[in-house]
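Below is one structure; the comments refer to it alone.
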Number of protein chains: 4
Amino acid sequence: VKGRLEAFSDGVFAIAITLLVLEIKVPAHGDSLVPALLGLWPSYAAYVVSFLAVGIWWMAHHIVTHYLVRLDGGSLFLNLLLLMTIAFIPFPTAVLADRIGRPDEASPAAVFYGLAMALPALAVLALLSYSRRSGHLRVEDYDREVPAAIARHGWIGAAINLMGIAAALVAPLVALAIFAAASVFWGVVTARWRPAAAT
Amino acid sequence: VKGRLEAFSDGVFAIAITLLVLEIKVPAHGDSLVPALLGLWPSYAAYVVSFLAVGIWWMAHHIVTHYLVRLDGGSLFLNLLLLMTIAFIPFPTAVLADRIGRPDEASPAAVFYGLAMALPALAVLALLSYSRRSGHLRVEDYDREVPAAIARHGWIGAAINLMGIAAALVAPLVALAIFAAASVFWGVVTARWRPAAAT
Amino acid sequence: VKGRLEAFSDGVFAIAITLLVLEIKVPAHGDSLVPALLGLWPSYAAYVVSFLAVGIWWMAHHIVTHYLVRLDGGSLFLNLLLLMTIAFIPFPTAVLADRIGRPDEASPAAVFYGLAMALPALAVLALLSYSRRSGHLRVEDYDREVPAAIARHGWIGAAINLMGIAAALVAPLVALAIFAAASVFWGVVTARWRPAAAT
Amino acid sequence: VKGRLEAFSDGVFAIAITLLVLEIKVPAHGDSLVPALLGLWPSYAAYVVSFLAVGIWWMAHHIVTHYLVRLDGGSLFLNLLLLMTIAFIPFPTAVLADRIGRPDEASPAAVFYGLAMALPALAVLALLSYSRRSGHLRVEDYDREVPAAIARHGWIGAAINLMGIAAALVAPLVALAIFAAASVFWGVVTARWRPAAAT
């Protein structure tokens, strides 16, 4: 199962990350092309930030499945929920790209984006905590390194995300920068979590 | 063959499940964003229900291929038919999302969705029954566990789907809940069918 | 190389076959839903015929790569050309679905579709003939079974395709049936070519 | 990690290359179909040129990962950047297809395309140079063959791309031919770089 679950999950991550480009729309005829292409900066920014986020979640998913020694119906279901939050990301990305350049709508769009970005984290926590209670985790590795790191990094990550959502209310572009920073933070943390055995 | 058939099939499942997000459309400009995003609840609901369905079918497909010890032209063709019904799901999902909020059209949209959801079940039955008659099933496992379960669960699943279609005629949202319940039912059943050897 | 080439090629086949559903458009509001869904029969027909075609080409590709014992720049390039013809199929499919219900435009749409369907065959022939001249084919298997089959089946397949294109000029729906028959023909032939070692 | 990184990367390449077909739009009703299909030559040309480019980059990526013996956070991040530039290609391709037939906008569209086509090269260079400094390259192979080839071919490739961008200013179709030639150049070079061990 695990091999095919990883292949299926990798497929969903790879497709979700590649579909992000579809939110960047060719400028309508009539506009002069150079300013129109430059005017798409919100689309480019949203593309970059979401691409980083999905890529980092893919890395995190790889580590989580490393710790799973057994899968049952519950963990398959929670993994499916996680994939559901990942495959959803192109939509808030498109909303953000479409509205962040419009003063009166940038704030709700960025708040929506920040909320959507918190969903995969909740799904990963649910998957880890279910698997731990079911005794399906590679405990010798897991107990030594990960729970403390989750406690520590999880709170930091949640704090960054909340800061981003708060910033979205007043300065949506700052919020976007904070969401990008959150991905970089998780990227660094994830690279550190990576157990020797998974290298 | 089997390895590449599984990889190809997993690819189709992963792509179909990830394309579901494309039915959620960015609200048009002019609408206020927050109510517009909330007003997309039919799209979110259709996304969740179809995502569960495709995910459960993926798990069921994994179990079915576990029982197949040999593939011939016939089983490859029936597997292709199954994939055809899976890859089709984004369309009834988009129809459902587009019409379930409209009183006069919600019923036919939900009936159409329910009919489309029955197609993969028919294709799986055809694949299993062909493979059994051709002697391509891992009989020692299969005969002990599966046929009675298919008889029992198949009738329950068909009954749930028919209840959903009947409900669609009078209360489309109830129908949607019933289709979601059908996925949960199949998820539980599928997790139970999973033979020890496939874990 | 071969493993990753197969994985990459399988990915392209799986994505192209799953993108076919995107040509089926949700009916516009204002039309009554049931007749509108029934009126989409050209889209359903085009979906089924193209799905079969891409699925059969996937099986044929699997057999072709079985015979390739070595890959060089030339065979990688010709494989890329083959994938280019496969990934193109969603476009003639969408054209066919959009026009086959319109009396004055059904013929050119079906001719275009038939021409596009001939491209993968030409690419496979180029790949096989290049690989043979380069001595990259598993000759002991290949020389015994395949060249005579290609000569025999290739002419039959080309004749079916030409009949389809000719029929397209006067009876586009008959042409569509012929293109479907061509896929079934290739499916049967491909299942027979399958060498024991590839099972 | 390396196996799943390759699978994930192959997935992104396969999806990006297959999404290219979505830029070819079914002609609007009202136009006569045959001239309308012929009038889509810019879309066909952009499809072919970008398909070759992504395909060649896939081959180049395969060789680069062959040389990587170890992955750390930095190389995973740079690989993600490379994938970001590849998954972006459908957008400049769609811009080019949409504008290269319009005299006043073909030049900026082709320049934009040429700039986008340079991004994967920069990302590959960054990945190789980072990995070299970190000692993560299979040095015995790498030092003997590759650095001199990169120096030599990299300058030639950059020169071809710059020629293409310069040509775009005056003759956008010539530029498109030059970008196609660049892919062929890299295809030939890549086939030569392929180390024996990766065959």
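Below, read A as the first sequence line, B as the second, and so on, with proteins coming before strands; counting in each chain starts at 1.
Within the model, atoms CZ of A:Phe51 and CZ of D:Phe88 stand 11.5 Å from one another, a figure rounded to the nearest 0.5 Å. Rounding to the nearest 0.5 angstrom, the gap separating the CZ atom in D:Phe91 from the NZ atom in A:Lys25 is 10.5 Å. The CZ atom of D:Arg102 sits 4.5 Å away from the NE2 atom of A:His29 when rounded to the nearest 0.5 Å.
Looking only at side-chain heavy atoms (C-beta outward), A:His62 and D:Phe8 stay at 4.5 Å or farther from each other.
Looking only at heavy-atom pairs under 4.5 Å with chain A, the residue among D:Ile86, D:Val95, D:Asp104, D:Leu81 that has the most is D:Val95. Looking only at heavy-atom pairs under 4.5 Å with chain A, the residue among D:Ser9, D:Gly11, D:Pro108 that has the most is D:Pro108. Across A:Ile17, A:Val21, A:Leu33, the residue that shares the most heavy-atom pairs under 4.5 angstrom with chain D is A:Leu33. Contact count against chain D (heavy-atom pairs under 4.5 Å) is highest for A:Pro27 among A:Gly55, A:Pro27, A:Ala7. Note: A:Leu37 leads A:Ile56, A:Val34, A:Leu37 in heavy-atom pairs under 4.5 Å with chain D.
Within the 4.5 angstrom heavy-atom criterion, no atom of A:Ser43 approaches chain D. For A:Ala36, no part lies under 4.5 angstrom from a heavy atom of chain D. The contact between D:Leu83 and chain A is made by backbone and side chain atoms together, counting heavy-atom distances below 4.5 Å. Contact annotation for A:Leu20: neither backbone nor side-chain heavy atoms come within less than 4.5 Å of a heavy atom of chain D. The contact between A:Phe13 and chain D is made by backbone and side chain atoms together, counting heavy-atom distances below 4.5 Å. Residue D:Leu80 touches chain A through both its backbone and its side chain, counting heavy-atom pairs closer than 4.5 Å. With a 4.5 Å cut-off on non-hydrogen atoms, D:Ala109 touches chain A through its backbone and its side chain both. Residue A:Val184: no heavy atom, backbone or side chain, is found under 4.5 Å from chain D.
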side-chain contact (heavy atoms from CB on, under 4.5 Å) between A:Leu22 and D:Leu22, intermediate numbers included: CA-CA 9 Å; A:Leu22 297 183; D:Leu22 298 183; 4.3 Å; yes
Evaluation steps, side-chain contact (heavy atoms from CB on, under 4.5 Å), between D:Phe77 and A:Leu52: CA-CA 9 Å; D:Phe77 178 75; A:Leu52 287 177; 3.7 Å; yes
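The shortest non-hydrogen separation linking D:Ala16 to A:Thr18 is N-CG2, 3.6 Å.
With no hydrogens or angles considered, a side-chain donor-acceptor pair links D:Arg4 and A:Thr65 at under 3.5 Å.
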